[in-house]
Novice: 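Okay, handing you the structure first.
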Amino acid sequence: MNEILEVKNISKKYQGKEGEILAINNVNFSIKEGEFVSIIGPSGCGKSTLLSIISGLEEKTTGKIYIEGEEVNGISDRIGYMLQRDCLLEWRNILSNTIFGLEIKNKISKESKDYAKNLLKKYDLYDFIDKYPSELSGGMRQRVALIRTLTTKPKILLLDEAFSALDYQTRIMVTNDIYEILRKEKITVLMVTHDISEAISMSDRVLVLTKRPGTIKNIHKIDFGIENRTPINCREKPEFSKYFNTLWKELGVDEK
Ligand code: ADP
Ligand code: MG
């Protein structure tokens, strides 16, 4: 079918000081185009490892990654990656930060710059293009970081705890904001989080990993049956606490 990402038998061994550490073991899953999928699991179970392998920044020990049916080794143009820190460059203004992703990928052209500017306009940042990151709120900085990633037109966006540096109130607003941008731009998303509510509020499916070595323990389909679903409005649905309890229990077993 229209599977955009396939992860097959991925394992990763690190060489630690005291010998080998098996971080993840035999991870298998796939994602369909347009889906929003989250990964949750106990701290240290290999979530970041899995994401950096998919991004191509970290080598895998075994297994294969396919994007749109093609095997990929290393960094792919079709993947965007966002981390907890927004990694904006303090000495560059917002416009120059936004096109930085294009610069490092050698994709600066009039067309690509116009695309970046249009995204800034579309998402209410155009008035800030001459400002510097320190002049923006945490939420706005995260929006700039997202737009910088989107300028290179990735098919799949990887988010690793991208909102966890923000305080609770801001985080709720920012996830709502970012979710709407991602839906409008029709980006497929794979997000790692330790926050069960965040995972439920944004995802079509949640993958639960076991403790280290991380492997898929369960996959939950999340469906609120509402048409214009947002991370905020689905929190009021009775299904929300039902999903929360299920996932909480499933993670709790491993924390003991
Ligand atoms: P998570 O993101 O789920 O908290 P990580 O993927 O960061 O987990 O780490 C999984 C395991 O692999 C941890 O035990 C961690 O200590 C180990 N690990 C991560 N990166 C390295 C590395 N570069 N070298 C050695 N061990 C590592
Ligand atoms: Mg991590």
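Both ligands and their constituent atoms are indexed starting at 1 by order of listing.
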Novice: Using only heavy-atom distances, determine whether the side chains of Ser55 and Ser52 contain a donor-acceptor pair under 3.5 Å.
Specialist: no
Novice: Measure the CG-CD1 distance between Leu120 and Ile99 for me, rounded to the nearest 0.5 Å.
Specialist: 10.0 Å
Novice: Any protein heavy atom at under 4.0 Å, with atom 16 (O) of ligand 1 as the reference point?
Specialist: no
Novice: Identify which of Gly16, Gly41, Gly44 has a heavy atom lying nearest to atom 13 (C) of ligand 1.
Specialist: Gly44
Novice: Measure across Ile200 and Leu247 and return the closest heavy-atom pair with its distance rounded to 0.1 Å.
Specialist: CG1-CD1, 3.7 Å
Novice: Quick one: look at Arg212 and ligand 1, take heavy-atom pairs under 4.0 Å, and tell me if it's side chain, backbone, both or neither.
Specialist: side chain
Novice: So between Leu209, Val192, Thr49, Leu50, whose heavy atom ends up nearest atom 9 (O) of ligand 1?
Specialist: Thr49
Novice: Would you give the length of the straight line joining atom CZ of Arg148 to atom CG of Leu95, rounded to the nearest 0.5 angstrom?
Specialist: 13.0 Å
Novice: Mind listing the closest non-hydrogen atom pair of Ser11 and Asn25 along with its distance?
Specialist: OG-OD1, 3.5 Å
Novice: Please verify the inter-ring angle class for Phe36 with Tyr179; under 30° counts as parallel, over 60° as perpendicular, anything in between as tilted.
Specialist: tilted
Novice: Would Glu250 and Lys217 count as a salt bridge (Lys or Arg N to Asp or Glu O under 4.0 Å) if you check the C-alpha gap in whole Å, the side-chain angles of each, and the deciding distance to 0.1 Å?
Specialist: CA-CA 9 Å; Glu250 211 165 286; Lys217 183 174 183 177; 5.5 Å; no
Novice: With heavy-atom distances below 4.0 Å as the criterion, list the atoms of ligand 1 near Gly46.
Specialist: 1 (P), 3 (O), 5 (P), 6 (O), 8 (O), 10 (C)
Novice: I need the nearest protein heavy-atom contact for atom 27 (C) of ligand 1: residue, atom name and distance, please.
Specialist: Tyr14 CD1, 3.2 Å
Novice: State, to 0.1 Å, how close Ile187 and Lys155 come at their nearest heavy-atom pair, and which atoms those are.
Specialist: CG2-O, 4.1 Å
Novice: Starting from atom 7 (O) of ligand 1, find the nearest protein heavy-atom neighbour and note its residue, name and distance.
Specialist: Ser48 CB, 3.8 Å
Novice: Tyr168 and Phe163: aromatic ring centres closer than 6.0 Å?
Specialist: no
Novice: Considering both backbone and side-chain atoms of Ile21, is one of its nitrogen or oxygen atoms within less than 3.5 Å of a nitrogen or oxygen in ligand 1?
Specialist: no
Novice: Could you tell me the separation between the OH atom of Tyr132 and the CD atom of Glu90, rounded to the nearest 0.5 Å?
Specialist: 11.5 Å
Novice: If you draw a sphere of radius 2.8 Å around the Mg ion (ligand 2), how many protein N/O/S atoms end up strictly inside it?
Specialist: 1
